[in-house]
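Read the numbers this way: they start at 1 and go in the same order the structure lists the ligands and their atoms. Just the heavy atoms: all of them, side chains too, but no hydrogens, waters or symmetry mates, feed the values below. What you see is a predicted model, and the numbers here were worked out from it, not measured in a lab.
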Amino acid sequence: MRKYFIAGNWKMNGSVDLLNKMHNALSELPVQGSNVTAGVFTPFIFVQHAAEIFKASPIVVGAQDCHWMSSGAFTGEISPTMLIEIGATHVILGHSEIRRDQGDSDSRIGEKAAAALNAGLTPIICVGESLAERNSDSTIRIVTQQLDEIIKASTKPLTNSVLAYEPIWAIGTGLAATPDQVQEVHSAIKEHLFDNHNLQLLVLYGGSVTAANAGEIFACPSVDGALVGGASLKPTEFSGIVLSAISAAQR
Ligand code: 13P
């Protein structure tokens with residue numbers, strides 16, 4: 001039976017009311033024992049509340065970033081140990097919006113991954129190419145280069161991590177990569193990780209995933225789930241994606 005991971009990245013959206021609605025919607029689903037892990041990744045301010053709401057459920061809770069140190073003079077920052085203390089189990093790292101807005105480099109992402117793993121969090125590490133990079137046929141080179149840099153900078157093996165392939169041009173555009181494009185990159189990533197780093201990780205796809213296209217994406221042999229943005233803010237839509245993974249896991 002294949003394993004799938006569905007992560008909802010709320011970005012800077014949501015509310016306590018949405019958490020309650022999401023909890024109600026997800027509790028209707030047969031997630032327990034399904035080989036599917038589903039999680040909500042809220043803004044920092046809601047993580048503790050989310051952890052309390054989902055405490056008795058199989059749904060995991062995470063944040064969208066963390067610092068590379070466990071404490072210190074870093075005004076405005078949140079450390080991985082703090083996230084653990086309030087009940088998070090996962091953290092998204094290296095999202096293209098954080099690379100763009102906060103200047104995170106691959107080596108910084110590697111440092112954050114090591115800190116997260118040391119604290120006991122499972123990082124979901126994002127890589128992906130821009131439209132210009134795809135149009136110049138550099139996708140595989142860019143993505144494997146990002147992975148190599150991240151792995152080099154992490155003082156901890158990334159064995160207990162998850163990866164997410166998120167082509168920047170597919171994020172929030174309604175223009176998801178085609179199943180063929182996704183499969184090509186995912187299989188290249190897996191081959192590269194296994195051959196060069198002896199790593200076998202789940203690789204999620206992110207970029208305009210909806211309940212309508214999730215099925216064809218999950219049918220790709222090298223796709224292990226999705227990192228969902230916009231659709232993770234709509235309880236019915238997100239539930240549809242999780243259900244689609246549950247049926248894909250049964251095949
Ligand atoms: P969308 O699903 O809104 O395209 O966002 C994808 C994403 O960035 C998830 O991290």
Please find the pair of heavy atoms, one from [X] and one from [Y], that lie closest to each other, and give the distance.
X	Y	answer
F218	I241	CE1-O, 3.6 Å
V47	A88	CG1-CB, 3.9 Å
R134	T139	CA-OG1, 3.4 Å

Give the numbers and elements of all ligand 1 atoms closer than 4.0 Å to a heavy atom of [X].
X	value
H95	7 (C), 8 (O), 9 (C), 10 (O)
K11	5 (O), 6 (C), 7 (C), 8 (O)
S208	1 (P), 2 (O), 4 (O)
G172	1 (P), 3 (O), 4 (O)

Please state whether [X] comes within less than 4.0 angstrom of ligand 1, counting heavy atoms only.
X	value
G207	yes
A231	no
A170	yes

Closest protein heavy atom (residue, atom, distance) for [atom]:
atom	answer
atom 3 (O) of ligand 1	G230 N, 2.8 Å
atom 9 (C) of ligand 1	E166 OE2, 2.9 Å
atom 2 (O) of ligand 1	G229 N, 2.8 Å

Can you find an N/O atom of [X] closer than 3.5 Å to an N/O atom of ligand 1?
X	result
L227	no
T173	no
E97	no

- Message: For A132, is there any backbone N or O sitting under 3.5 Å from a side-chain donor or acceptor partner on S136?
- Response: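 Pair found, side chain donor or acceptor close to backbone of A132.
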- A164 contact mode with ligand 1 (heavy-atom cut-off under 4.0 Å):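 Answer for A164: neither.
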- Should the proximity of I171 to ligand 1, defined as any heavy atom under 4.0 Å, be assigned to the side chain, the backbone, both, or neither?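 For I171, the contact with ligand 1 is made by both the backbone and the side chain.
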- Task: Using the six-membered ring wherever Trp is involved, compare the ring planes of F41 and H90 and label them parallel, tilted or perpendicular (cut-offs 30° and 60°).
- Result: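 The arrangement is perpendicular - the two ring planes meet at more than 60°.
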- Task: Describe, in one word, how the ring planes of H186 and Y165 are oriented to each other, choosing from parallel (under 30°), tilted (30 to 60°) and perpendicular (over 60°).
- Result: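 Rings of H186 and Y165: perpendicular, over 60°.
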- Using a 4.5 Å cut-off on heavy atoms from C-beta on, say whether the side chain of L193 contacts that of L163.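 Side-chain contact under 4.5 Å: yes.
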- side chain to side chain donor-acceptor pair (under 3.5 Å): pairs with one or both residues in residues 78-89, sequence neighbours excluded: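 Residue pairs passing side chain to side chain donor-acceptor pair (under 3.5 Å), neighbours aside: S79-T81.
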- Query: Do E97 and R100 sit within salt-bridge range, that is, some charged N less than 4.0 Å from a carboxylate O?
  - Reply: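 Salt bridge flag = no for R100 with E97.
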- Message: Count I, L, V, M, F, W, Y as connected when their side-chain heavy atoms are under 4.5 Å apart, and connections chain through other members. Are I140 and I142 then in the same cluster?
- Response: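 Different hydrophobic clusters.
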